[in-house]
*Asks:* 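Take this structure first; my questions come after.
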Amino acid sequence: MTENPALSNLSHETRHFDPPEELAEQANVGEDAYDEAAADPLVFWETQAERLEWAQKWDTALDWDPPFAKWFVGGSLNVAVNCLDRHVAAGRGDKVAIHFEGEPGDKRSITYAELTAEVCKAANALTELGVQTGDRVMIYLPMIPEAAISMLACARIGAPHSVVFGGFSPESLRNRIDDCGSKFVITSDGGYRRGAASALKSNVDAAADADGSPVERILVVRRTGQDVDWNPDRDLWWHDVVDRQSDRHEAEAFDAEHPLFILYTSGTTAKPKGILHTSGGYLTQTSYTHHAVFDHKAETDVYWCTADIGWVTGHSYIVYGPMSNGATQVMYEGTPDTPHQGRFWEIVQNYGVTLLYTAPTAIRTFMKWGAEIPSEFDLSSLRLLGSVGEPINPEAWMWYREHIGGDNCPIVDTWWQTETGGIMISPLPGVTSTKPGSAQRALPGISADVVDESGQPVPNGGGGYLVLTEPWPAMLRTIWGDDERFKETYWSRFSKQGYYFAGDGAKKDDDGDLWLLGRVDDVMNISGHRISTTEVESALVSHPKVAEAAVVGATDPTTGQGIVAFVILRGGNDEEGADLVKELRNHVAKEIGPIAKPRQIMIVPELPKTRSGKIMRRLLRDVAENRDLGDVTTLADPTVMNMIGDGLKSDKPSAEE
Ligand code: WTA
């Protein structure tokens with residue numbers, strides 16, 4: 001197993017921090033939850049499911065036909081009603097659901113009563129457009145309230161949504177639309193990013209204009225007011241269609257296993273996987289974990305998750321988890337450095353944010369900008385900090401604790417995946433003595449372990465592969481339209497034991513606490529975004545000048561990993577230098593999206609291959625990280641690495657733009 005060398009010392013960390021007494025005394029979840037769940041995990045999850053409002057109670061907690069699970073069989077509920085109407089009916093309609101802050105500084109606070117009305121109108125509009133239960137609806141929006149409203153409107157009418165992050169290209173959007181056969185897209189004219197209006201509608205047009213596209217209707221939110229091309233047979237303005245609808249909508253209850261959404265994520269091949277999540281189990285776990293891990297108190301907390309709604313964190317911990325718990329939360333459209341590098345801290349101060357959930361990449365960026373910036377703001381409202389998306393190194397953890405958390409906020413480092421739907425491994429803030437850099441242990445009701453090649457659990461102090469040993473309520477149900485790939489990807493590696501293979505390496509320390517070590521497959525983690533090496537490679541070779549490409553994720557002090565590509569040009573093409581590198585980087589951005597732009601592209605004469613023709617990515621990673629090369633004797637041509645090394649010395653790799 002290859003290991004990220006930057007993380008190999010992690011489990012030697014010996015500092016630990018007990019929960020603040022005041023928090024421990026009033027914590028939503030105490031130590032007994034572990035015992036209660038261990039005694040009978042199904043009863044435990046049934047108890048958590050009771051936190052929701054069901055139209056029809058389930059008969060059976062779990063029907064497990066490995067690897068296919070059904071949770072809360074026979075039960076029915078409406079997910080949107082649980083996130084909205086339920087709070088209004090309980091007299092909390094005037095409570096703010098969303099404090100929206102646009103990047104240019106525009107503000108909008110929306111109460112639960114208002115949000116419910118907006119979602120009802122949007123649900124009526126979708127029905128008028130012809131969206132029926134079971135139809136897939138694509139959502140391609142910036143971080144504006146309409147993103148959450150659209151998702152909840154889809155949930156309300158039982159039309160699974162598929163949100164695509166606004167940073168993905170028309171080509172990526174098109175592949176996702178085609179894969180789930182979506183006739184409907186919700187988008188906007190654009191959004192604000194780093195002070196400029198980005199275009200979204202034109203990307204949707206490009207995807208929908210492609211031959212054979214299933215898209216029939218595009219609903220467009222006006223956000224920036226910029227000009228957009230308009231196809232009157234297909235395009236409709238949100239304000240024309242949604243605003244005139246009734247704010248009443250009778251919500252139907254759907255089966256607990258009714259599809260709630262499909263979210264595409266990168267796998268080890270070029271084709272992204274449509275991860276399918278359903279209703280009852282997903283909402284049970286996201287709601288419970290938001291309540292337990294963030295110790296969320298609806299009466300007093302102001303919660304802020306800085307993720308984008310295009311990723312699973314936005315689905316589970318902006319929309320479904322928090323809203324099912326009646327949270328008041330901040331939603332911010334823009335980037336942390338616009339118009340100044342204190343923007344996040346200004347937001348925390350202005351809204352009195354108490355619970356903050358962000359990513360290590362952001363924390364490391366703030367470290368780089370310097371502690372003086374947050375020190376200019378009043379951050380004393382904060383009482384708990386969360387981290388997600390990639391391993392957090394102890395330095396970043398300590399900086400977060402000291403400079404953001406005033407040395408007295410527990411940090412919850414939460415490990416989970418698009419596939420797991422909800423948080424799986426994390427400290428409990430009122431219970432756990434936290435260790436900088438460790439996600440520590442599986443939550444109550446969750447069973448995780450670290451195993452060796454043969455699937456045997458490693459002893460404390462050992463390392464290996466992270467597995468999940470029992471089904472959990474928010475687990476993915478399949479890959480959309482591809483049960484075989486679902487079995488193969490997650491369940492074949494340890495099929496004898498019947499374990500779910502997460503694709504992550506992990507260690508157990510002497511106390512049995514877990515330390516995540518990053519991916520063990522060909523998936524990179526760039527600023528917490530999953531991108532597959534193969535996906536970037538196939539984008540590169542689709543360029544006419546490229547014959548062959550190999551891509552690795554090299555350790556990066558800020559983004560966790562950075563994409564480094566090695567490219568062989570087609571015969572007769574001896575063009576070199578910065579222009580071509582730039583052209584290739586832009587080509588990848590066009591094919592996949594700007595987030596997949598390689599940090600460096602190195603033009604090389606050969607690639608290191610084994611005798612069976614497999615590219616030795618380990619060697620390329622060593623080159624990219626300036627390490628001495630290990631054993632090269634398995635190479636078909638051992639002189640290749642010298643050629644690459646010599647080539648690199650004469651041709652300096654491109655700098656980041
Ligand atoms: C990584 C994001 C270490 C991991 C919720 C996983 C983490 C992948 C952590 C899933 C963490 C996420 N510590 N690694 N706390 N959280 N990861 O699907 O490699 O975008 O497999 O879900 O991110 O990424 P995804």
Side-chain angles (χ1 to χ4, degrees), residues 1-4 6-7 10-11 163-165 167-168 261-268 272-275 277 285-286 289-290 293 305-318 320-321 357-364 385-394 396-397 400 411-427 434-443 448 450 465-468 474-476 479 489-490 500-507 513-532 553 559-561 595:
M1 179 184 110
T2 50
E3 196 175 275
N4 185 340
L7 301 169
L10 269 182
S11 49
V163 183
V164 176
F165 174 59
F168 277 115
F261 65 86
I262 301 162
L263 183 59
Y264 286 85
T265 186
S266 289
T268 52
K273 301 177 292 215
I275 303 300
H277 283 289
Q285 189 174 335
T286 51
T289 49
H290 177 259
V293 172
C305 167
T306 68
D308 189 282
I309 252 165
W311 308 107
V312 75
T313 306
H315 284 58
S316 301
Y317 297 103
I318 293 177
Y320 296 112
Y357 194 27
T358 194
T361 250
I363 299 164
R364 289 191 296 263
L385 305 174
S387 173
V388 62
E390 48 179 322
I392 179 164
N393 47 313
W397 197 101
Y400 197 25
I411 296 182
V412 287
D413 172 16
T414 62
W415 180 91
W416 58 295
Q417 307 177 298
T418 305
E419 292 86 343
T420 69
I423 299 173
M424 303 293 282
I425 303 173
S426 164
T434 53
K435 302 174 180 175
S438 173
Q440 298 196 282
R441 65 185 282 199
L443 287 176
V450 181
Y465 302 100
L466 181 71
V467 292
L468 301 169
M475 68 193 284
L476 78 165
I479 292 175
T489 309
Y490 305 106
Y500 170 91
F501 173 52
D504 279 46
K507 281 187 176 180
D513 282 326
L514 302 176
W515 299 73
L516 278 307
L517 300 175
R519 303 287 306 189
V520 295
D521 53 14
D522 291 334
V523 176
M524 300 174 285
N525 190 324
I526 316 296
S527 301
H529 300 154
R530 274 164 71 170
I531 298 169
S532 98
T559 58
Q561 285 187 309
I595 50 166

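This one's a predicted model, so the numbers in the text were calculated from it and none came from an experiment. Numbering of ligands and ligand atoms starts at 1, following listing order.
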*Asks:* Kindly indicate, with the supporting measurements, whether the criterion side-chain contact (heavy atoms from CB on, under 4.5 Å) is fulfilled by Gln417 and Ile275.
*Replies:* CA-CA 11 Å; Gln417 307 177 298; Ile275 303 300; over 6 Å; no
*Asks:* Do Thr306 and Thr358 get their side chains close enough for a donor-acceptor pair, meaning under 3.5 Å?
*Replies:*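 Side chains of Thr306 and Thr358: pair found under 3.5 Å.
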*Asks:* So, Thr265 versus Glu419: side-chain donor-acceptor pair below 3.5 Å or not?
*Replies:*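 On atom types as modelled, these side chains do not qualify, holding no pair under 3.5 Å.
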*Asks:* Got a donor-acceptor contact below 3.5 angstrom from the Glu390 side chain to the Gly518 backbone?
*Replies:*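 Between the backbone of Gly518 and the side chain of Glu390 there is no qualifying donor-acceptor contact (under 3.5 Å).
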*Asks:* Between Tyr317 and Thr289, is any side-chain donor less than 3.5 angstrom from a side-chain acceptor?
*Replies:*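 A donor-acceptor contact under 3.5 Å links the two side chains.
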*Asks:* Over 60° means perpendicular and under 30° means parallel, so classify the ring planes of Tyr465 and Phe501, tilted if in between.
*Replies:*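 Correct class here is perpendicular.
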*Asks:* Please output the residues near ligand 1 using a strict heavy-atom distance under 4.0 Å, listed in chain and residue-number order.
*Replies:*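 Protein residues near ligand 1 are Val312, Thr313, Val388, Gly389, Glu390, Pro391, Asp413, Thr414, Trp415, Trp416, Gln417, Thr418, Asp504, Leu516, Arg519, Asn525, Arg530.
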